[in-house]
Visitor: 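What follows is a single structure, and I will ask about it in a moment.
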Amino acid sequence: MNDFSEEDAFEQAGDRAGGLASRAMAARPAPYLDGLNPQQRAAVEALDGPVLMLAGAGTGKTKALTTRIAHLLNTGHARPNEILAVTFTNKAAREMKTRVARLLGQTVEGMPWMGTFHAICVKLLRRHAELVGLKTNFTILDTDDQIRLLKQLIAAEEIDEKRWPARQLAGLIDQWKNRAWTPAQVPASEASAYNHRGTELYDYYQQRLKTLNAVDFGDLLLHVLTIFREHDDVLAQYQRWFRYILVDEYQDTNVAQYMWLRLLAQGHRNICCVGDDDQSIYGWRGAEVGNILRFEKDFPGATVVKLEQNYRSTPHILAAASGVIDANQGRLGKTLFTDLTEGEKVRLIGHWDGEEEARWIGEEVEAMSGGRRGDTQRSLDDMAILVRASHQMRAFEDRFLTIGLPYRVIGGPRFYERMEIRDAMAYFRLAVSPDDDLAFERVVNTPKRGLGDKAQQKIQVTAREHGVNLVDGARILLSEKGLGGKGAAELRVLVDSIARWHDLAVGPVRAAPVEDGLVLEDLSQPDPRTRLSHIELAEQILEESGYTAHWQTDKTPEAPGRLENLKELVKALEQFENLQGFLEHVALIMDNETEEQGAKVSIMTLHAAKGLEFPCVFLPGWEDGLFPSQRSMDESGLKGLEEERRLAYVGITRAEEVCTISFAANRRVYGQWQSALPSRFIDELPEAHVDVLTPPGLYGGGYGAAGMSASASPKVMAEAGSNLHDRAAGANAYNSPGWRRMQERSQSRPMSQPRESRNMVIDMTASSSFTEGDRVFHNKFGYGTVAGIEGDKLDIEFEKAGRKKVVAKFIIEADRADDVPF
DNA sequence: GAAATCTTGCTTTTT
DNA sequence: GCAAGATTTC
């Protein structure tokens, strides 16, 4: 878990003899190379110089990457601690470690530099913290703390947080950090951000972090980058040290990560980047596809290897995925192929509404798991439902709950993000370091101690006046009798407790005799005299703080679960030597791998599905506006659409054997019914590889009779839209015949459709046609008169409900109100 | 200071 | 339609 001990290997950097000797060693046999195809083998054996491995979905990328590491080690090109191998997630790092170990048939002795960008940066930053004005024991803030800190700054600047939310500022700062801009480097073009105060507040925020001896996630990279840029000697040391650099998911790197890598790679120029431009789906959080597209320019003379043989999916699935991704511009261009010949076509089905879609998928899952769908009986573990947006999950959860189908949601709120875990962690943080003001703020009134805003403000003021941390501030406030009543007594107990916990966690500063004089004892070890393990200490903290009791008396349905989580948390401590080590781990490794037993269908977002594969995949909600997401297209235009298309590609390529795409004509969005057209990506599915499922009559009147799809069946759409000639002739998804036909059909919607959704359509097209004085009707507020128009909102004087501003699409002309139920 | 009520604004998410 | 946050009420 904690690999810091392994760092010692680096300390002996001066002693190169061992390394050189092992490097000079003749290559040992390499049985691990046998199972590779020619491209994989090329990627593994091109050890020196820059290498770009373009690895399509399911082409054995991790295999090639791990074999390459094994090969580097086996041939003596590098010692384990001279290889820098970066991933984005802890999961990927872990997988890489175990697979390298398996290849070499032994545990890899210390690969301390294999990990996420962030984990590696923490290591680097702890060594050189002083170069950016931090102490080596800096704390890493989570998003919660970050927002709280920003809120304080915003309040101090007397900015209206409602108009300029802290989240927005946090997002802005994050983006700037992703681009490797320190406050001084933010370009003038960003000056108008956050009401023209963005840059200034970013600067304040960084100052505040420095005084708190804290960093946020973005800082981990940015600080290290700053150190590299400002201290040539430090950079040179690492450039020399890292003989080989490997990067996973290169298409997901942002500017800061790219610069970081470039600087380090300038030493030996042995950098191997693995990625797939077609799977770049994180542009919205700063990833730059440009990095991978530019690789050959950035690293002249690079070897480029394409892995195109797919070992995952059937030919039809691959063809469908290729058909979709083909529509993107500026790809590096790969064509996946497979040796497989058998396989089902991609299945496409339309539904009347979202509920029916969920019902149908539920039945399919049951049929497949019961072996009732002709062929093989499959485990629920082999099936996944991949959605565009998490709110789509609800329909499936509801449905699966009612039919008793076991499911798991992947990527929900993670364990360490839960409120009770964060609260408990804040107590631990205070015990380890009472200077942690953010932790104090979090728990000072949790559980309720009668210390509200006023009392907290007093503590803040006192602390600031005396220039001390909040715990000491509270202590002073108490001694000055600046606080009365129940709160004072409770605060006294809290402050004393923190001091006691701190002693127990860190131990009093003890002097220990050492050969030449006195040195302080290692404070990271528990004081043997107290004989209190960190686990017992943790339990004691949770008891004495009243936090456990707080949830025991809580009668909300979540309370038992939260207590259970707290127990889990304490249990997780067992794997660590002390509280400090644990806190460090949690700050970076926020994953929750509590694998419950029993086969379950997985439900997750497309983003969460990247890197995973399932025999059967369901891709619901392929409707324009939902997928591709309207917001994506509005905000990022063609770039956004192309990223959505890559998401579609990722989705389809998750499937090994059966891939089922579906869409619904109607869906409830924000409580209102909305009609939607099938996704333009459906038009892009090549007809020859798609099997349109004609829905059985049992949905009587549903799909078959549905207006939208009455005759423009998915079959028609697939035929018309997938025709490559259309695209070649300059037609795009918007004006392909299939698309146009769909739109024509959608105009002449028969009456069988629910009235709400019919009105919705009329409303949307008519929304701009309101004028002041119009008599209108709203479902909830009743009749009223338009008093003003602001963008898409109408200012309406309602007869009963008063004056309100309402989005125009929820308003209809009064004379049409008779169509509206209720 | 805490509970009850009202308003608001809604992708994707890792570290 | 819903959940989180802000505001108002007790």
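Residue numbering restarts at 1 for every chain, and letters A, B, ... go by the order of the sequence lines.
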Visitor: Please report, rounded to the nearest Å, how far the C1' atom of B/dT13 is from the NE2 atom of A/His607.
Guide: 8 Å
Visitor: Rounded to whole Å, please give me the gap between CD in A/Gln630 and P in B/dT11.
Guide: 13 Å
Visitor: For the side chain of A/Arg388 and the base of B/dT11, is some donor closer than 3.5 Å to an acceptor across the two?
Guide: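 Answer no: no donor N or O sits under 3.5 Å from an acceptor.
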Visitor: With centres under 5.5 Å and planes under 30°, do A/Tyr282 and B/dT12 count as stacked?
Guide: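 Stacking is absent between B/dT12 and A/Tyr282, given that the ring centres and planes do not meet under 5.5 Å and under 30°.
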Visitor: Below 4.0 angstrom, which residues in residues 444-462 of chain A have at least one non-hydrogen atom near DNA chain B?
Guide: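 The answer is A/Asn445, A/Lys448, A/Gly450, A/Gly452, A/Asp453, A/Lys454.
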Visitor: Quote, to the nearest angstrom, the C1' distance that separates C/dA6 from B/dT11.
Guide: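 Those two atoms are separated by 24 Å.
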Visitor: Quickly, which of A/Arg285, A/Gln279, A/Lys610 forms a side-chain hydrogen bond (donor to acceptor under 3.5 Å, both in side chains) with A/Asp252? Name it, please.
Guide: A/Lys610
Visitor: Rounded to the nearest Å, what distance is computed from the CD atom of residue A/Gln392 to the C1' atom of nucleotide C/dG1?
Guide: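 That distance rounds to 16 Å.
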Visitor: Check every strand shown and say whether A/Arg167 touches a base, only sugar-phosphate, or nothing at a heavy-atom separation below 4.0 Å.
Guide: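 Nothing: the residue A/Arg167, judged by heavy atoms under 4.0 Å, touches no strand.
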Visitor: Rounded to whole angstrom units, what separation is found between the NZ atom of A/Lys610 and the P atom of B/dT11?
Guide: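 Checked: the NZ to P distance equals 22 Å.
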Visitor: Can we call the ring centroids of A/Trp260 and A/Tyr258 under 6.0 Å apart?
Guide: no
Visitor: Could you tell me whether A/Arg442 and A/Asp145 make a salt bridge, using a distance below 4.0 angstrom between a side-chain N and a carboxylate O?
Guide: no
Visitor: If you measure only the distance, is there a donor-acceptor pair under 3.5 Å linking the side chains of A/Tyr250 and A/Asn291?
Guide: no
Visitor: Any base atoms under 4.0 Å from A/Ser390, or only sugar-phosphate, or nothing? Heavy atoms, all strands.
Guide: sugar-phosphate
Visitor: Taking only side-chain nitrogens and oxygens of A/Asn90, does any of them come within less than 4.0 Å of OP1 or OP2 of B/dT15?
Guide: yes
Visitor: Which residue pairs pass the side chain to side chain donor-acceptor pair (under 3.5 Å) test when at least one of the two sits in residues 626-639 of chain A, sequence neighbours left out?
Guide: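 Every pair satisfying side chain to side chain donor-acceptor pair (under 3.5 Å) with a residue in residues 626-639 of chain A: A/Gln630-A/Asp634, A/Arg631-A/Glu635, A/Ser632-A/Glu644.
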Visitor: Just the rounded figure in Å: distance from P of B/dT14 to CE of A/Met604.
Guide: 13 Å
Visitor: I want to confirm an ordering. Mapping A/Ser629 and A/Lys486 to their closest nucleotides on DNA chain B, which one lands closer to the 5' end?
Guide: A/Lys486
Visitor: Does A/Asp277 pair with A/Arg646 as a salt bridge, N-O distance under 4.0 Å?
Guide: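 A salt bridge is absent here (no side-chain N lies under 4.0 Å from a carboxylate O).
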Visitor: Is it the case that the side chains of A/Tyr649 and A/Asn328 hold a donor-acceptor pair, with the cut-off being a distance below 3.5 Å and no angle test?
Guide: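 Note: A/Asn328 and A/Tyr649 side chains miss the donor-acceptor criterion.
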Visitor: Taking the side chain as every heavy atom from C-beta outward, state whether A/Leu221 and A/Phe117 have any atom pair closer than 4.5 Å.
Guide: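 In contact.
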Visitor: Mind running side chain to side chain contact (heavy atoms under 4.5 Å, CB included) on A/Met425 and A/Phe582 for me, showing each step along the way?
Guide: CA-CA 10 Å; A/Met425 296 288 299; A/Phe582 179 65; 3.7 Å; yes
Visitor: What is the distance from CG of A/Leu612 to P of B/dT14, rounded to the nearest Å?
Guide: 12 Å
Visitor: Choosing from B/dT11, C/dA3, B/dT15, which nucleotide comes nearest the side chain of A/Glu644?
Guide: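 Selected nucleotide (nearest to the side chain): B/dT11.
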Visitor: Take atom CH2 of A/Trp673 and atom C1' of C/dG1, then tell me their distance rounded to the nearest Å.
Guide: 12 Å
Visitor: Report which part of the nucleic acid A/Thr605 touches: base, sugar-phosphate, or nothing (heavy-atom distance under 4.0 Å, all strands).
Guide: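 Sugar-phosphate contact only.
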Visitor: What does the list of N/O pairs under 3.5 Å between the protein and nucleotides 6-10 of chain C look like, with a distance for each?
Guide:
from, atom 1, to, atom 2, distance (Å)
C/dT7, OP1, A/Lys162, NZ, 3.0

Visitor: Rounded to whole angstroms, how far apart are CZ on A/Phe415 and C1' on B/dT15?
Guide: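 That distance rounds to 18 Å.
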Visitor: Counting only side-chain heavy atoms from C-beta out, which of B/dT12, B/dT15, B/dT13 sits nearest to A/Ala389?
Guide: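 Within the option list, the nearest is B/dT12.
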Visitor: Apply the test salt bridge (Lys or Arg N to Asp or Glu O under 4.0 Å) to residues A/Arg645 and A/Asp278: give CA-CA distance (whole Å), side-chain angles for both, the deciding distance (0.1 Å), then the verdict.
Guide: CA-CA 9 Å; A/Arg645 190 175 280 118; A/Asp278 291 334; over 6 Å; no
Visitor: Are the ring of A/Tyr670 and the six-membered base ring of C/dC2 within the stacking cut-offs of under 5.5 Å and under 30°?
Guide: no
